[in-house]
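By convention in this document, chain letters (A, B, ...) are assigned in the order of the sequence lines, proteins followed by strands, and residues within each chain are numbered from 1. Hydrogens, waters and symmetry mates play no part in the numbers below; they use all other heavy atoms, side chains included.
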Number of protein chains: 2
Amino acid sequence: MLIATWNVNSIRTRLDQVTTWLESHPLDLLCLQETKVSDEEFPRKPFSQLGYHLYLSGQKSYNGVALVSREPLTEVSCGFAPVLGEQGGLDDQKRLITGLLRGVRVVNLYVPNGGSGSEKYEYKLHWLHTLGKYVKSILAEAVCLCGDFNVAPEDRDIHDPVAYAGHVMATVPERQALGALMALGLKDPFREFTPESGHYTWWDYRAGSFRRNRGWRIDHFYLSSHLVPKQCWIDPSVRELPRPSDHVPVLLEL
Amino acid sequence: MLIATWNVNSIRTRLDQVTTWLESHPLDLLCLQETKVSDEEFPRKPFSQLGYHLYLSGQKSYNGVALVSREPLTEVSCGFAPVLGEQGGLDDQKRLITGLLRGVRVVNLYVPNGGSGSEKYEYKLHWLHTLGKYVKSILAEAVCLCGDFNVAPEDRDIHDPVAYAGHVMATVPERQALGALMALGLKDPFREFTPESGHYTWWDYRAGSFRRNRGWRIDHFYLSSHLVPKQCWIDPSVRELPRPSDHVPVLLEL
DNA sequence: GAGGTTGCTG
DNA sequence: CAGCAACCTC
């Protein structure tokens with residue numbers, strides 16, 4: 001089974017790139033983040049024409065997640081509320097969608113960025129702690145968590161860990177929140193195959209970051225112990241296309 | 001001598017199209033309208049690299065005219081004031097630039113559109129009447145008036161004159177104002193060679209107007225009797241490029 | 001730097 | 001439908 005996660009930074013702007021990429025990659029499931037579109041405005045046709053089913057949790061301008069699945073998914077839900085109950089407006093931003101595929105509970109996330117302002121940073125930490133409770137509640141099932149976590153878990157996940165020590169996406173509290181998830185028994189399949197640094201999933205649009213490989217690994221898979229990864233890799237090629245997303249896809253074979 | 005007029009609807013957005021077109025057309029002078037950029041922000045390099053001199057009268061966001069000349073121009077001036085004196089703020093909008101090329105006084109215009117609101121319509125008529133005084137004052141010289149006049153002089157200059165009878169760009173007062181110019185002794189060289197309808201220079205971006213050739217001929221040359229046109233034609237080909245201007249160039253050989 | 005928004009002009 | 005501006009987010 002082949003699953004990918006990709007923050008596309010607007011599905012409407014990236015539509016041709018995503019469908020072209022999907023045609024050349026035989027995915028069972030594609031998890032999208034930052035679709036930036038309401039469900040009514042989502043471009044459904046190009047995906048249904050490729051034989052995919054769509055499950056959407058979008059809003060206009062910001063955030064938005066989607067599941068693009070070859071087979072129909074079951075038990076699809078959005079946000080924390082279906083598992084944890086109402087969380088004081090935390091689901092107002094569309095950042096979580098989940099569905100069951102062949103017994104695997106796939107949870108597709110867009111973690112708040114948390115930059116520019118302590119309010120947003122606190123919101124991110126609160127969101128990550130709520131995610132911890134959410135995952136704990138579903139761990140009886142086989143869980144595949146994936147998406148844009150906006151956290152580089154370790155120094156080897158940043159091109160220049162010294163310069164960016166303590167920077168948002170690399171602070172101790174963020175890494176601890178992610179560590180608390182791992183402590184529930186989740187593993188990072190990418191690091192089971194690729195221990196060295198230099199592999200990233202996001203490069204700032206500014207200052208020629210991609211050309212100089214000044215990236216961050218902030219898009220991840222996390223698997224519960226029921227699941228055994230066969231392969232996990234990043235596809236940086238799409239970052240070279242004209243008008244790319246700032247993120248590239250990560251693929252997982254189960 | 002080969003002269004062209006082209007409303008490019010933003011020189012920054014159309015820069016590659018304009019320079020590419022200029023490379024394949026051996027113009028002596030290119031008259032641009034709706035450059036939509038201040039003189040400081042105008043992309044000068046691409047034109048100087050092609051061996052052209054630039055004379056600019058721009059502003060940010062709206063309007064803006066430019067002369068792009070193979071040879072240096074002399075006696076360049078902007079607006080009505082240098083000829084008529086201050087006209088009560090009529091030169092605040094950058095719509096007129098003129099220069100002398102081999103004894104020909106070329107006047108490059110962007111006439112107000114005049115749509116959506118009687119105030120704007122009145123402004124357009126006032127502007128056209130002021131232009132009449134301006135032309136009258138310079139008619140001792142050989143005059144080549146050109147640009148976006150935002151007026152279809154006759155019914156044969158509209159794809160559907162019945163449906164658009166009395167529409168802005170085809171009202172009697174606008175046509176009379178243009179007629180008053182002609183009465184000073186100016187002639188339309190395009191109509192000396194091409195009497196039939198179906199030749200347009202502008203198509204609305206909306207409703208597939210170009211595909212259906214639902215256009216208007218609103219970009220013109222007008223020549224004083226000193227000047228004899230060898231040829232005058234429209235080049236609609238650039239309207240088929242991706243992200244085209246809504247106007248196409250008109251060319252005049254003298 | 002590159003997405004998105006609203007509001008304006010054409 | 002396609003420019004612009006100003007503003008927001010990442």
Side-chain angles (χ1 to χ4, degrees), chain A residues 7-15 17 32-38 41 58-64 93-95 110-117 119-121 123-124 148-151 167-169 202-211 214 216 218-219 239 241-247, chain B residues 7-15 17 33-38 41 58-64 93-95 110-117 119-121 123-124 148-151 167-169 202-212 214 216 218-219 239 241-247:
Chain A
N7 178 322
V8 291
N9 190 15
S10 169
I11 188 58
R12 284 178 293 188
T13 299
R14 228 66 63 199
L15 182 59
Q17 282 180 45
L32 300 175
Q33 303 91 38
E34 282 209 89
T35 53
K36 294 187 172 178
V37 69
S38 68
E41 300 279 304
Q59 62 182 96
K60 86 161 144 180
S61 301
Y62 304 120
N63 314 313
Q93 298 182 15
K94 304 306 184 189
R95 296 180 175 276
Y110 174 51
V111 176
N113 176 286
S116 62
E119 223 169 81
K120 288 177 180 178
Y121 180 75
Y123 183 83
K124 178 182 195 170
D148 175 2
F149 284 74
N150 272 313
V151 179
H167 183 282
V168 171
M169 298 197 291
W202 175 81
W203 299 261
D204 196 303
Y205 281 119
R206 288 161 280 194
S209 303
F210 181 68
R211 187 178 39 80
R214 296 177 63 84
W216 298 63
I218 58 177
D219 300 86
R239 191 64 166 78
L241 295 171
R243 300 191 57 177
S245 170
D246 43 354
H247 296 251
Chain B
N7 177 323
V8 291
N9 189 14
S10 169
I11 187 59
R12 284 178 295 189
T13 299
R14 228 67 62 199
L15 182 59
Q17 282 180 45
Q33 304 90 38
E34 283 208 88
T35 53
K36 293 187 173 179
V37 69
S38 68
E41 300 279 305
Q59 61 182 97
K60 85 161 146 179
S61 301
Y62 304 119
N63 314 313
Q93 299 181 15
K94 304 306 183 188
R95 297 179 174 277
Y110 173 50
V111 175
N113 176 288
S116 62
E119 224 169 81
K120 289 178 179 175
Y121 180 75
Y123 184 83
K124 178 182 195 170
D148 174 2
F149 285 73
N150 272 313
V151 179
H167 183 283
V168 171
M169 299 197 291
W202 175 81
W203 298 260
D204 197 304
Y205 281 119
R206 289 161 281 194
S209 303
F210 181 67
R211 187 178 37 80
R212 302 191 285 161
R214 296 176 63 84
W216 297 64
I218 58 178
D219 300 86
R239 191 62 167 79
L241 296 172
R243 300 191 55 174
S245 171
D246 44 353
H247 297 251

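Separating the OH atom of Y121(A) from the P atom of dC10(D) is a distance of 16 Å, rounded to the nearest angstrom. What separates CH2 of W203(A) from P of dG3(C) is a distance of 17 Å, to the nearest Å. Residue N7(B) contributes atom CG, which lies 13 Å from atom C1' of dT9(C) at whole-angstrom precision. Note: NZ (K124(A)) to C1' (dT9(D)) measures 14 Å, nearest angstrom. Taking atom CG on N150(A) and atom P on dT9(D), their separation rounds to 15 Å, with Å as the unit. dT9(D) atom P lies 16 Å from atom CG of D246(A), rounded to whole Å. Per the geometry, NE2 belonging to H167(B) stands 13 Å off P belonging to dG10(C), to the nearest Å. Rounding to whole angstrom units, CD of residue E41(A) and P of dG4(C) are separated by 12 Å.
Proximity of a side-chain donor or acceptor of R14(A) to a complementary backbone N or O of R243(A) within less than 3.5 Å is detected. Without hydrogens or angle criteria, Y205(A) side chain to D246(A) main chain gives a donor-acceptor distance under 3.5 Å. Between the side chain of Q93(A) and the backbone N or O of Y62(A) there is no donor-acceptor pair closer than 3.5 Å.
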Next on the checklist: Determine whether V168(A) and K120(A) satisfy the following criterion, side-chain contact (heavy atoms from CB on, under 4.5 Å), listing intermediate values before the conclusion.
Outcome noted: CA-CA 11 Å; V168(A) 171; K120(A) 288 177 180 178; over 6 Å; no

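Using a 4.5 Å heavy-atom threshold, the side chains of V151(B) and K124(B) count as touching.
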Could I get a table of every N or O pair under 3.5 Å where one atom is in the protein and the other is in nucleotides 1-5 of chain D?
unit_1: dG3(D); atom_1: OP1; unit_2: R14(B); atom_2: NH1; d: 3.1
unit_1: dG3(D); atom_1: OP1; unit_2: R243(B); atom_2: NE; d: 3.3
unit_1: dG3(D); atom_1: OP2; unit_2: R243(B); atom_2: NH2; d: 2.8
unit_1: dG3(D); atom_1: O5'; unit_2: R14(B); atom_2: NH2; d: 3.4
unit_1: dG3(D); atom_1: O3'; unit_2: S10(B); atom_2: OG; d: 3.4
unit_1: dC4(D); atom_1: OP1; unit_2: S10(B); atom_2: OG; d: 2.8
unit_1: dC4(D); atom_1: OP1; unit_2: T13(B); atom_2: OG1; d: 3.2

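Legend: residues meeting side chain to side chain contact (heavy atoms under 4.5 Å, CB included) with K36(B), ordered by chain and number and at least two apart, are N9(B), S10(B), E34(B).
Among the atoms of the strands shown, only primed sugar atoms or phosphate atoms (P, OP1, OP2) are found under 4.0 Å from some heavy atom of Y110(B).
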